[in-house]
Amino acid sequence: MLDKVKELSEEVRLFKSVSKDEIESFRIKYLGTKGLLKELFSEFKNVDPALRKDFGQALNSLKKATEEKVRFLNDSLENSDDENGSYGDLTRPGEPIRLGSQHPISIVKNKIIDVFNRVGFTVSEGPEIEDDWHNFTALNLPEYHPARDMQDTFFIDEDPDILLRTHTSSVQVRYMENNEPPIRTVSPGRVFRNEDISARAHCIFHQVEGLYIDTDVSFADLKQTLLYFTKEMFGTSKIRLRPSYFPFTEPSAEVDIYWGLETETDYRITKGTGWLEIMGCGMVDPNVLKNCNIDPSVYSGYAFGMGIERIAMLLYQIPDIRMFYENDIRFLKQFKSVL
Ligand code: PHE
């Protein structure tokens with residue numbers, strides 16, 4: 001009896017066909033209600049009880065193998081395009097290609113870059129693992145400068161000289177070292193700060209910083225660029241500049257846009273003032289120019305920097321910064337359109 005099962009298994013294994021009818025008669029012959037397997041199953045009761053286990057197992061695997069064979073042959077028939085003309089059903093609707101969506105951080109980053117590209121800024125990038133010089137010292141933050149505490153730093157391997165950049169201003173230092181003015185560049189990228197993670201802050205986030213250096217660049221040029229930017233990005237030129245401090249710019253300012261106070265959310269996110277801070281900026285400190293081999297008696301410039309998450313949260317009304325990094329498909333698929 002076991003031999004019979006083996007014999008059939010071999011037959012099944014060797015069976016080949018590319019025609020629908022042949023496969024169907026094969027299926028009926030083995031698996032049909034009056035098929036060979038049914039017959040063997042009904043023999044089960046006549047088998048010596050000592051051999052029943054082996055017989056049962058062999059029979060079950062034969063059944064499985066036969067079913068799989070039928071499925072396999074039918075599938076390959078449907079997908080085949082050989083010369084027998086077995087193209088499957090050509091009238092079947094095509095498989096839809098699912099379109100992915102861009103991450104909201106990418107959408108907003110590209111929009112910011114696009115706005116600055118239009119007025120002549122190039123894009124520059126640099127390493128995420130930086131040295132002290134490019135992240136701090138060249139930016140007028142010498143060792144032991146208290147303002148280093150404004151950005152809590154991740155150091156690599158306890159080496160105080162190698163760190164994860166805390167801002168993309170480091171890219172601007174590299175750019176100034178390697179390019180002659182006039183310089184107009186924006187530096188997008190990932191930055192790292194040793195901060196507690198909350199709804200409003202994360203230890204990894206993204207920035208776009210900008211740098212403009214030429215002869216006779218004044219604060220008025222900076223302001224005009226900011227007006228253009230906020231108009232393009234948020235549809236408003238109602239901004240205010242609040243005096244602030246950054247070691248690498250002098251004077252420095254914080255840029256607020258007028259968001260309005262129409263809804264309860266507006267009250268919440270603007271803390272009842274209607275104004276929202278969107279970036280820091282200022283005139284590049286002459287010490288920074290000197291550190292990068294640019295003569296401050298000939299050239300001057302402005303710089304600005306903003307967090308992409310913050311802008312994306314405002315534009316899309318996203319309440320929690322952590323949502324950007326969770327990769328929840330229900331969140332991500334909402335961003336199909338480009339701004
Ligand atoms: N580098 C600053 C920060 O990360 C932002 C900034 C850039 C401010 C350029 C002024 C000028 O907070």
Side-chain angles (χ1 to χ4, degrees), residues 106 108-143 145 147-148 151 153 161-192 205-229 232-233 246-253 255 279-308:
S106 300
V108 173
K109 179 187 81 179
N110 291 339
K111 169 82 182 177
I112 297 171
I113 290 174
D114 180 57
V115 169
F116 285 107
N117 266 344
R118 273 186 264 148
V119 286
F121 283 76
T122 57
V123 174
S124 50
E125 290 183 337
E128 293 180 350
I129 298 176
E130 258 303 359
D131 51 34
D132 181 279
W133 171 258
H134 292 96
N135 196 79
F136 289 128
T137 307
L139 288 161
N140 207 24
L141 277 146
E143 209 186 339
H145 193 291
R148 285 192 175 206
Q151 302 176 350
T153 311
D161 197 49
I162 307 293
L163 44 88
L164 295 179
R165 67 179 177 197
T166 57
H167 49 189
T168 54
S169 304
S170 54
V171 181
Q172 307 184 337
V173 173
R174 288 177 180 276
Y175 197 88
M176 284 188 275
E177 286 172 342
N178 296 308
N179 294 276
E180 303 264 305
I183 289 173
R184 287 191 209 98
T185 186
V186 282
S187 320
R190 212 154 51 140
V191 301
F192 308 82
F205 60 100
H206 300 76
Q207 283 189 324
V208 178
E209 297 217 351
L211 178 71
Y212 187 127
I213 296 185
D214 204 342
T215 48
D216 300 320
V217 179
S218 73
F219 205 93
D221 298 312
L222 168 59
K223 189 176 165 195
Q224 199 55 45
T225 307
L226 296 173
L227 287 169
Y228 159 74
F229 172 73
E232 293 297 307
M233 204 67 197
F246 298 102
F248 27 87
T249 47
E250 181 61 36
S252 307
V255 183
M279 62 170 127
C281 65
M283 301 306 291
V284 181
D285 193 293
N287 283 337
V288 175
L289 297 177
K290 252 186 260 160
N291 287 337
C292 302
N293 305 320
I294 293 176
D295 184 351
S297 64
V298 181
Y299 295 106
S300 53
Y302 62 73
F304 55 83
M306 66 195 104
I308 302 179

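Just so it is clear, the structure is predicted and the values come from calculations on it, not from any experiment. We use all heavy atoms of the structure for the numbers below, so side chains are in, but hydrogens, waters and symmetry mates are not.
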Please name the pair of heavy atoms, one in [X] and one in [Y], separated by the smallest distance, quoted to 0.1 Å.
X: V186; Y: G210; answer: CG1-CA, 4.0 Å
X: L226; Y: C281; answer: CD1-SG, 4.0 Å
X: L139; Y: S170; answer: CD1-N, 4.4 Å
X: V123; Y: P188; answer: CG1-CD, 3.7 Å
X: T153; Y: L164; answer: CG2-O, 4.3 Å
X: A138; Y: V173; answer: CB-CG1, 3.7 Å

Can you name the residues that form a side-chain contact (heavy atoms from CB on, under 4.5 Å) with [X], not counting sequence neighbours?
X: T215; result: V298, Y299
X: P286; result: P296
X: Q224; result: L227
X: P182; result: D214

Once salt bridge (Lys or Arg N to Asp or Glu O under 4.0 Å) is applied, what residue pairs with a partner in residues 174-183 remain, sequence neighbours excluded?
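Output for this query lists E130-R174.
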Give a yes or no on whether the backbone of [Y] and the side-chain of [X] come within a donor-acceptor separation of less than 3.5 Å.
X: R165; Y: N135; answer: no
X: N140; Y: P247; answer: yes
X: T168; Y: G189; answer: no

Is the closest side-chain heavy-atom distance between [X] and [Y] below 4.5 Å?
X: F219; Y: P251; result: yes
X: I308; Y: F205; result: no
X: D161; Y: D131; result: yes
X: V217; Y: Y212; result: yes
X: Q172; Y: V284; result: no
X: L289; Y: I213; result: yes

Is the distance between the ring centroids of H167 and F246 under 6.0 Å?
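Here the rings of H167 and F246 have centres that are no less than 6.0 Å from each other.
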Atom CG in N117, atom CD1 in I112: separation rounded to 0.5 Å?
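Spacing of CG (N117) from CD1 (I112) equals 12.0 Å.
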I113 CD1 to S187 OG distance, which is reported to the nearest 0.5 Å
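That separation rounds to 9.5 Å.
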Would you find more than 12 non-hydrogen atoms of other residues, nucleotides or ligands less than 6.0 Å from N178 atom CG?
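It does: N178 CG has more than 12 such atoms within range.
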For D295, what residues pass the side chain to side chain donor-acceptor pair (under 3.5 Å) criterion, not counting sequence neighbours?
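Partners of D295 under the side chain to side chain donor-acceptor pair (under 3.5 Å) test: S297.
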Who passes side chain to side chain donor-acceptor pair (under 3.5 Å) against E250, sequence neighbours left out?
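Scan of E250 (side chain to side chain donor-acceptor pair (under 3.5 Å), adjacent residues dropped) gives none.
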Which residues share a salt bridge (charged side-chain N to carboxylate O under 4.0 Å, His left out) with [X], sequence neighbours left out:
X: D132; result: R148
X: E209; result: none
X: R184; result: none
X: D114; result: R118

Inter- and intrachain pairs under ring pair (Phe, Tyr, Trp, His ring centres under 6.0 Å), touching residues 112-133, at least two apart
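The answer is F116-F121, F116-F229, F116-F304.
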